[in-house]
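Just so we're clear, the structure is a prediction, and the values are computed from it rather than from any experiment. Below, chains carry the letters A, B, ... as their sequence lines are ordered, and counting in each starts from 1.
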Protein chains: 2
Amino acid sequence: MTEPLYRSVYNTIVKRIADADYVPGSMLPSEFDLAAELSVSQGTARKALIELEQKGIVQRRQGKGTFVTLRTPENSLFHFFSLRDKNGDQVAPQLQTETVIIRAARKYERALLHDQPDKVFEITRVRTFDGKPLCHEKTVVPAPLFPGLKDRSPLPNALYVLFQQAYSCIIISAEENLKAATLDATLASQLDVAPGTPAIVAQRRAFDLKERLVELRTSTFLTESTSYFVDLN
Amino acid sequence: MTEPLYRSVYNTIVKRIADADYVPGSMLPSEFDLAAELSVSQGTARKALIELEQKGIVQRRQGKGTFVTLRTPENSLFHFFSLRDKNGDQVAPQLQTETVIIRAARKYERALLHDQPDKVFEITRVRTFDGKPLCHEKTVVPAPLFPGLKDRSPLPNALYVLFQQAYSCIIISAEENLKAATLDATLASQLDVAPGTPAIVAQRRAFDLKERLVELRTSTFLTESTSYFVDLN
DNA sequence: GAGTGGTCTAGACCACTTT
DNA sequence: AAGTGGTCTAGACCACTCC
C-alpha cells in the first residue's frame, strides 16, 4: 500500500457522508471510536479529521465533537459570494426575480457537467442590495441530479443549502473566471442601469463532495457600491 | 500560558527569518535539532513547521529538509498574478514601460501603509502579453522601507523578488478588491485600446512576513483574451 | 549509510461543553 | 462527572535524497 492510512480513513468518512450514513449537521463518532472501529490509532483518525476540516467537509469544536458541515444561508454566502461593501463587510443580497426552466443541454454544458446530462435546469435570478439591483445570475445544473427542481420555485436565496437538504448534493468548492464587460440593453434594463455600464462577469464551476462538476453559473455584478473581494495566499 | 507551545516555536522561527538569521532559500535545522534547541518534542516542532508551510513561509521536502521560501519570478507570478489564458494556463506577461518616482504620500496612503511614511515610491508599469498591452499597474510602497529603489530602475518583472533579495522584505499574502470600469482616454491610449473599453480594476494590499501592509497597488486588466481566476474554498 | 521529512502508535494531561 | 477535541511527549519505522 502506497496510500497512507489516514487517507483511507479520510476516504471512508467522505464515502459515508456521500452515502448519507453521516448527514449534514450530525456529529461524527469521536476520534477514539473512529480509531477503534477502523483499527487505527487515535492520532491517525485525528489527522484524517483535521484534513476533512481543512477541506470544509466537517467542523470540529472542542468539548462538543466533530460535525458534518451543514450549509446554511449564512456560511453559504460567506464561502461562495465574495462581494463586499465599502466598509469591507460581506454583502447579503436579496432575491428579486427568478425564473426556472428545463431545457436541452447545450453541447458545452453536456460536455462539462457531471454525467453528461441531456437536459438541464436553468435558473435565472436578479439579486438586489440596498434596494437596488446588484447582480444577475444564470445557473445551469444537470436535470437528472435535481429531480423536481422546477416545482420548488421560488427557490431559496442560497441554492447550495437546497442542494444539500433536498438532494444530498454537498457543494465543497468552486472556481470563477472573471472578465469585465459593458452591459447590453437587455441586462442593463434588468439591472436598472444604463446600457454600457461596466460590470464584472463571473463564470463559475462548482464541485460537490465527490468532486463532480454539478453547476455552471454566470454572474454579472455591478460594482458601483460593492467590490469583489479576493484573498491571495 | 494560554499560548500553545508549537505557536511559540512558530513565532520563534518567523522572528529568525525576519531577522535574517534564516535567509530565503536556506535550510532550517532539522525537526530533531529544532526540538532539542527549543526544548520541545519533535512532534511539537513538526506541528510548527507544518503551519509555516501552510502559510507559505517555508517549504518542506521529504529526504531533503525544510527551506525558507525563496521568491522566484515563477512562484511570485503563480501566487500573486491570477490571470489565465483561454486554456486556463497561467499568463506570463512581459514588462513594456516603467516609471519610478518618489513623492509625498497622500493622506490615505500614509494612514494605511506601514510606519505611516511621509514619502512613497510610485511605480507605474504597463505589461504586455502576446505582444499586446494587457495591464497597467500603479504600485505604491513606503520610501523608508526601500531606500534607493528609484536608482534600481528598470526594476525586475517580479517586484516581490526584489523586495526579498534587496530589502529582506518577504511578501506573504495579499488581498484584492475588484471593480469593473471603462477606460478613460489616458489609460486607453496606454493600453492601446479604444476609450470606453471595459476592464477589471484591482486594488491590492500586500502584507509581509511581519504582517505589515507594505504595498498598495492598483492594477487595470484587459480581459478580452484573458480572465482573472479565483479559487473559492 | 546517514540524514531528512512522512507515517503511525500509545499514552498523558489540558480545555471546553454538557449533564 | 463524563465526554469531547487540543496539546504534548517519546518512540518506532518508512520513504526519499544525497554522498
Side-chain angles (χ1 to χ4, degrees), chain A residues 1-17 21-70 72 74-75, chain B residues 1-17 21-70 72 74-75:
Chain A
M1 271 220 279
T2 162
E3 179 188 70
L5 255 183
Y6 69 81
R7 183 120 298 268
S8 83
V9 173
Y10 177 102
N11 288 332
T12 298
I13 296 173
V14 166
K15 188 170 187 317
R16 288 181 181 177
I17 296 173
D21 287 339
Y22 302 148
V23 304
S26 70
M27 191 176 97
L28 264 62
S30 71
E31 295 176 354
F32 186 85
D33 291 348
L34 271 173
E37 185 205 339
L38 302 174
S39 305
V40 299
S41 76
Q42 192 180 355
T44 300
R46 167 186 300 271
K47 179 149 186 175
L49 290 171
I50 288 172
E51 288 214 351
L52 284 162
E53 182 173 46
Q54 285 173 342
K55 279 257 193 178
I57 296 172
V58 304
Q59 286 164 311
R60 290 159 66 75
R61 270 171 285 174
Q62 185 174 169
K64 299 189 73 174
T66 300
F67 302 81
V68 182
T69 295
L70 184 65
T72 63
E74 292 70 32
N75 72 24
Chain B
M1 271 218 282
T2 162
E3 180 188 66
L5 255 184
Y6 69 82
R7 183 121 296 266
S8 84
V9 173
Y10 177 103
N11 289 332
T12 298
I13 296 173
V14 166
K15 186 167 189 316
R16 289 181 180 179
I17 296 173
D21 287 340
Y22 302 149
V23 303
S26 70
M27 191 175 98
L28 264 62
S30 70
E31 296 176 353
F32 184 85
D33 291 348
L34 272 173
E37 187 206 336
L38 302 174
S39 305
V40 298
S41 76
Q42 192 179 358
T44 300
R46 168 185 299 272
K47 179 147 187 177
L49 291 170
I50 288 174
E51 288 214 349
L52 284 161
E53 183 173 46
Q54 286 173 342
K55 278 258 194 176
I57 296 172
V58 305
Q59 286 163 311
R60 290 159 66 75
R61 271 169 284 174
Q62 183 173 168
K64 299 188 74 174
T66 300
F67 302 82
V68 182
T69 296
L70 185 65
T72 63
E74 292 71 31
N75 73 25

inquiry  = Whole angstroms only, please: what is the CZ-P distance between B/Phe32 and C/dA2?
reply    = 16 Å
ask   = Counting only side-chain N and O atoms of A/Arg61, is one of them less than 4.0 Å from OP1 or OP2 of C/dT17?
value = no
message = Between A/Ile57 and A/Tyr10, is there a side-chain heavy-atom distance shorter than 4.5 Å?
response = yes
query = So, for A/Glu53 and A/Arg60, which heavy atoms are closest and what is the spacing to 0.1 Å?
reply = OE2-N, 3.0 Å
I'd like a list of close polar pairs between nucleotides 7-10 of chain D and the protein, N/O only, cut-off under 3.5 Å.
| unit_1 | atom_1 | unit_2 | atom_2 | d |
| --- | --- | --- | --- | --- |
| D/dT7 | OP1 | B/Tyr6 | OH | 2.8 |
| D/dT7 | OP2 | B/Lys47 | NZ | 3.0 |
| D/dC8 | OP1 | B/Leu5 | N | 2.3 |
| D/dC8 | OP2 | B/Leu5 | N | 3.1 |
| D/dC8 | OP2 | B/Tyr6 | N | 3.1 |
| D/dT9 | OP2 | B/Ser41 | N | 2.8 |
| D/dT9 | OP2 | B/Ser41 | OG | 2.9 |
| D/dT9 | OP2 | B/Thr44 | OG1 | 2.5 |

ask   = Under 3.5 Å, side chain of A/Thr69 to main-chain N/O of A/Gly56, donor-acceptor pair present?
value = yes
Options C/dG6, D/dT4, C/dT17, nucleotide nearest the side-chain atoms of A/Asp33 = D/dT4
A/Thr66 side-chain N/O to D/dG5 phosphate OP1/OP2 under 4.0 Å = yes
key: Integer-rounded Å distance: D/dG5 P and A/Glu53 CD   = 11 Å
query = With B/Glu51, which residues qualify under salt bridge (Lys or Arg N to Asp or Glu O under 4.0 Å), at least two apart?
reply = B/Arg7
query = Tell me: CD of B/Glu31 to P of C/dA2, nearest whole Å?
reply = 20 Å
message = Main chain of A/Leu28, side chain of A/Thr66: is a donor-acceptor contact present, judged purely on distance under 3.5 Å?
response = no
task = Identify, with sequence neighbours excluded, every residue that meets salt bridge (Lys or Arg N to Asp or Glu O under 4.0 Å) alongside B/Arg61.
result = none
ask   = Given atom CD of A/Gln62 and atom C1' of D/dT4, what is their separation to the nearest angstrom?
value = 8 Å
remark   = Per atom distances to the B/Lys64 side chain, the nearest of C/dG6, D/dG6, D/dC18 is D/dC18
Rounded distance in Å - CD (A/Gln59) to P (C/dC16) = 19 Å
key: Between P of C/dG3 and CE of B/Met27, the distance in whole Å   = 11 Å
task = Find which nucleotide of DNA chain D each of A/Ile50 and A/Gly63 is nearest to by heavy atoms, and output the residue with the more 5' nucleotide.
result = A/Gly63
query = CD1 of B/Ile50 to CD of B/Glu31: how many Å apart, nearest 0.5 Å?
reply = 7.5 Å
